[in-house]
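Note that these values count all heavy atoms, side chains included, but never hydrogens, waters or copies made by symmetry. In what follows, every chain begins at residue 1, and chains take the letters A, B, ... in the order their sequences are listed.
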Number of protein chains: 2
Amino acid sequence: MNKRIEITAQTKQNLIDAFWSLYREKRIENITVKDITQKAGYNRGTFYEYFTSVYDVLEHIENSLIPSLDQLPPVSTPSGSLGMPIEAFFTLFNQNRQYYAVLLGESGDPAFASKLKNSIKPTIIGIFTNEPPAARIELDYILEYTLSAMIGIMSFWFNQTDPIPNEKLHKLIHRLMEQGVMSQLFS
Amino acid sequence: MNKRIEITAQTKQNLIDAFWSLYREKRIENITVKDITQKAGYNRGTFYEYFTSVYDVLEHIENSLIPSLDQLPPVSTPSGSLGMPIEAFFTLFNQNRQYYAVLLGESGDPAFASKLKNSIKPTIIGIFTNEPPAARIELDYILEYTLSAMIGIMSFWFNQTDPIPNEKLHKLIHRLMEQGVMSQLFS
DNA sequence: TAAAATCATACAACATGATGTTGGATTAGT
DNA sequence: ACTAATCCAACATCATGTTGTATGATTTTA
């Protein structure tokens, strides 16, 4: 039976794909519903059966990229990466690399970076439930600092024409986290 | 023949102010030219004498906030802040606090964060002209990491309802930069 | 299992509102 | 009083979001 569902799922996906191929090229404010449906080969009205607006499509894509972070492996704290699941971060970023590169880039959506950070925070905070409240508040700031830094450097890396090797970046981040920025600047 | 500079400057500013008061409340995609001119008390057509679009107003505001960073004091490297002008950063952020808080926030503009970073980078890179090329490439990554972290934590701080004291944040950032994240997590 | 009834999908067409432009009215500077 | 600027009213164009309908697939009934 379910032929209907397949059709709608396909139509929806076609619209999403058309949107994305436009979004990679131009700012969202210049993308019209007409553009999308023309590219996907549907009537403009059909769009509204699936989405409420152009921004709704973006939202849909973003939300589909966030849940994969619930799949953050239970944060082990091996001596190598005290409390910060850098490896896990790496893996997840790479999985959706093509989307993250755009969404976190300079013509991306700042709300996405926030969503991303906020979805990761609870996992890490969970490790520090025993800490006193004062340290807890400071933790919020440290987390924001670190996650911003991670997202920043990964996004930068994604968008390089000639990026440094995976392994090299990996080690650099480790050093930055464990020894700070200053000690790395004068080597 | 004197252009009526004062009048036009005032009109332009009125439009900018009207835009900003709307921008603080809602996403830019929902702000129309009509909204702005109505709020500012002008005819809609007048808007186009000064700006080409709603986004052009935002761009204008952003650009007026960037040049102030050329005024970054020549980066002294006192023993306290090796290469990173944290104090200068603090001062500049605080000067335009109300704008930065919004523009760097989650309904802000990701392009602004990029502009900001890119305007600061050359100043800092200038200090490291003697370094070998390999270190130069790594420096780009370190800078992106650090600036993202700084912008992230400052923006977070701005948007807290009950922010920690200026001095405390200041010291925290120093520690994070000099000793890294990890050593701060387990105290 | 075949015909009838129902429902989901996609579309054409419409009303509304936003956009960007043009030509004219008004006001200030000399 | 003349000129040049500022601002506005009105227009054509375009995007939006909605409604009613044709098509064809699915389910029901007999």
Report task. Please check if any side-chain donor atom of B:T11 sits under 3.5 Å from a side-chain acceptor atom of B:N14, or the reverse. Result -> no
Query raised in the report: Heavy-atom distance under 4.5 Å between the side chains of A:F158 and A:N94, does that happen here?
Result: yes
Report task. May I have the distance from A:F51 (atom CZ) to D:dT18 (atom P), rounded to whole angstrom? Result -> 16 Å
Query - Expected output: side-chain B:Y100 to main-chain B:L65 donor-acceptor under 3.5 Å - result: yes
Query raised in the report: Within this structure, what is the CD-to-P distance between B:Q10 and C:dA28, rounded to whole angstrom?
Result: 15 Å
For residues 160-172 of chain B, which side-chain N or O atoms pair as donor and acceptor with protein atoms under 3.5 Å away, sequence neighbours left out?
from	atom 1	to	atom 2	distance (Å)
B:H170	NE2	B:E87	OE1	3.2

Requested in this report: Check each residue of residues 22-36 of chain B for a non-hydrogen atom within less than 4.0 Å of any atom in DNA chain C, then write out the ones that pass by number, or none.
Outcome: B:T32, B:V33, B:K34
Requested in this report: Respond yes when some side-chain nitrogen or oxygen of B:Y42 is under 4.0 Å from OP1 or OP2 of D:dT6, and no when none is.
Outcome: no
Query - Nearest-Å distance for atom pair CZ/C1', residues B:R44 and C:dT21 - result: 10 Å
Query raised in the report: Taking atom P of C:dA12 as reference, at what distance in whole Å does atom CZ of A:F47 sit?
Result: 18 Å
Report task. Rounded off to whole Å, could you give me the OH-to-P distance for the B:Y48 and D:dA10 pair? Result -> 18 Å
Query raised in the report: Step by step, would you call B:K121 with B:E144 a salt bridge (Lys or Arg N to Asp or Glu O under 4.0 Å)?
Result: CA-CA 9 Å; B:K121 281 177 180 174; B:E144 187 69 31; 2.6 Å; yes
Query raised in the report: Whole-Å distance between D:dA15 C1' and A:Q38 CD?
Result: 13 Å
Query raised in the report: Does B:D140 pair with B:R136 as a salt bridge, N-O distance under 4.0 Å?
Result: yes
Query raised in the report: Where is the tightest heavy-atom contact between B:P110 and A:P110, given as atom of each residue plus distance?
Result: CD-CD, 3.4 Å
Requested in this report: Determine: side-chain N/O of B:T11 to OP1/OP2 of D:dC7, distance under 4.0 Å, yes or no.
Outcome: yes
Query raised in the report: For A:N43 and C:dA12, is the shortest distance between a side-chain N/O and OP1 or OP2 below 4.0 Å?
Result: yes
**Report entry** Phosphate contact (D:dC7 OP1 or OP2) by B:Y50 side-chain N/O below 4.0 Å
**Finding:** yes
Report task. Assign each of A:E49 and B:S53 to its nearest nucleotide of DNA chain C by heavy atoms, then name whichever residue's nucleotide is nearer the 5' end. Result -> A:E49
